[in-house]
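Here the structure comes first, spelled out in structure tokens, and everything after it is commentary.
Residue numbers start from 1 in every chain, and the chains themselves are labelled A, B, ... in the order their sequence lines are given, proteins ahead of strands.
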Amino acid sequence: DAGVIQSPRHEVTEMGQEVTLRCKPISGHNSLFWYRQTMMRGLELLIYFNNNVPIDDSGMPEDRFSAKMPNASFSTLKIQPSEPRDSAVYFCASIPAGGPGELFFGEGSRLTVL
Amino acid sequence: KQEVTQIPAALSVPEGENLVLNCSFTDSAIYNLQWFRQDPGKGLTSLLLIQSSQREQTSGRLNASLDKSSGRSTLYIAASQPGDSATYLCAVRPSGGSNYKLTFGKGTLLTVNP
């Protein structure tokens, strides 16, 4: 199993540019999460999808952030326009349908906004 | 609101030593508790998951225990190796509504010296 796959691994962009982060969850996983990790705030839940439907987006910082899950094997997190304070590592994670609810993380996308 | 604390924040031990990492949580209404390790620049790797009805789980040199009533979990690492050096995080999943919202500790940075 390839695990949760995220791209890009690193992104450096300038303030005001659009950023799109991508995630492919593990096959058979029906719950998908986007987290953001910073030194100051640790891991923060941004949005949670179940069966491709957004269930809780209360963690999305503001309207500049949006996320989609058009099918069971793909999700995107978009920031438009990006700001320096968005610099962080963004993780995608998924949970298999059924089972004890073990969470599996991708390797993350490190975003730097100049 | 659930709070998860990991003490100490950092720990340095010589190779071969047995060690214990601590995780405490304030709300005992949990569904499960999961231990992760995170290497620098990498995602979180799941180590062990303990259901609320379980007292402990073992995987190789790792043993995790759970005492729900006292709000504590420990991760025991036997015969530590330099390759065990990483940040170890615990995360608690609540029971009941919004049980997808894990609360993470800030982690313990472990260094095993050869």
Point to revise | B:Arg61, CZ atom: more than 12 neighbouring heavy atoms under 6.0 Å | key: yes
Exercise for review: Look at atom CZ of A:Arg64 and say whether more than 12 heavy atoms of other residues, nucleotides or ligands are closer to it than 6.0 Å.
Suggested key: yes
Practice item. Indicate the atoms forming the closest heavy-atom contact of B:Arg93 with A:Gly101, along with that distance. Key: NH2-O, 3.0 Å
Check your understanding: Which distance, rounded to the nearest 0.5 Å, do you find between the CD of A:Glu107 and the CG of B:Asp39?
Key -> 9.0 Å
**Study point:** Derivation of the side-chain contact (heavy atoms from CB on, under 4.5 Å) call for A:Glu102 and B:Leu48
**Key:** CA-CA 9 Å; A:Glu102 187 174 6; B:Leu48 289 164; over 6 Å; no
Review point. If you count heavy-atom pairs under 4.5 Å between each of A:Pro100, A:Gly108, A:Gly59 and chain B, which one has the most?
Key: A:Pro100
Review point. Counting only N and O atoms by type, is there a donor-acceptor contact under 3.5 Å from the side chain of A:Arg110 to the main-chain atoms of B:Gly41?
Key: no
Review point. Can you get from A:Ile47 to A:Phe105 by hopping between Ile, Leu, Val, Met, Phe, Trp and Tyr side chains that sit under 4.5 Å apart?
Key: no
Point to revise | Separation of B:Phe104 CZ from A:Gln37 CD (nearest 0.5 Å) | key: 9.0 Å
Practice item. Count the heavy atoms belonging to other residues, nucleotides or ligands that lie under 6.0 Å from CD of A:Glu14, then report whether that count exceeds 12. Key: no
Review point. Under a 4.5 Å side-chain heavy-atom rule over Ile, Leu, Val, Met, Phe, Trp and Tyr, are B:Ile7 and B:Val13 clustered together?
Key: no
**Study point:** Same apolar cluster: B:Leu47 and B:Phe25, side chain cutoff 4.5 Å
**Key:** yes
Revision key, fill the gap. Bottom line for A:Ser109: the part with an atom under 4.5 Å from chain B's heavy atoms is neither
**Study point:** Selection from B:Leu49, B:Thr103, B:Thr45 maximising heavy-atom pairs under 4.5 Å formed with chain A
**Key:** B:Leu49
Revision key, fill the gap. d(B:Tyr100 OH, A:Phe49 CZ) to nearest 0.5 Å is 12.5 Å
Point to revise | Exceeds 12 heavy-atom contacts within 6.0 angstrom, atom CD of B:Glu3 | key: no
Exercise for review: Answer whether the closest heavy-atom distance between the side chains of A:Leu43 and B:Lys106 falls below 4.5 Å.
Suggested key: no
Check your understanding: Can you list the steps and then say if A:Tyr35 with B:Leu44 is a side-chain contact (heavy atoms from CB on, under 4.5 Å)?
Key -> CA-CA 11 Å; A:Tyr35 285 90; B:Leu44 281 70; over 6 Å; no
Review point. Can you tell me if CG on A:Asp63 sees more than 12 non-hydrogen neighbours from other groups inside 6.0 Å?
Key: no
Practice item. Taking all heavy atoms of A:Phe91 and all of B:Gln38, pick out the closest pair and write down the distance. Key: CZ-NE2, 3.5 Å
Exercise for review: Using modelled atom types only, decide if a donor and an acceptor are shared between the side chain of B:Gln34 and the backbone of A:Leu103 within a distance under 3.5 Å.
Suggested key: yes
Check your understanding: Hey, quick one: are B:Leu75 and B:Ile30 part of the same hydrophobic cluster, counting side-chain heavy atoms closer than 4.5 Å, chains of contacts allowed?
Key -> yes
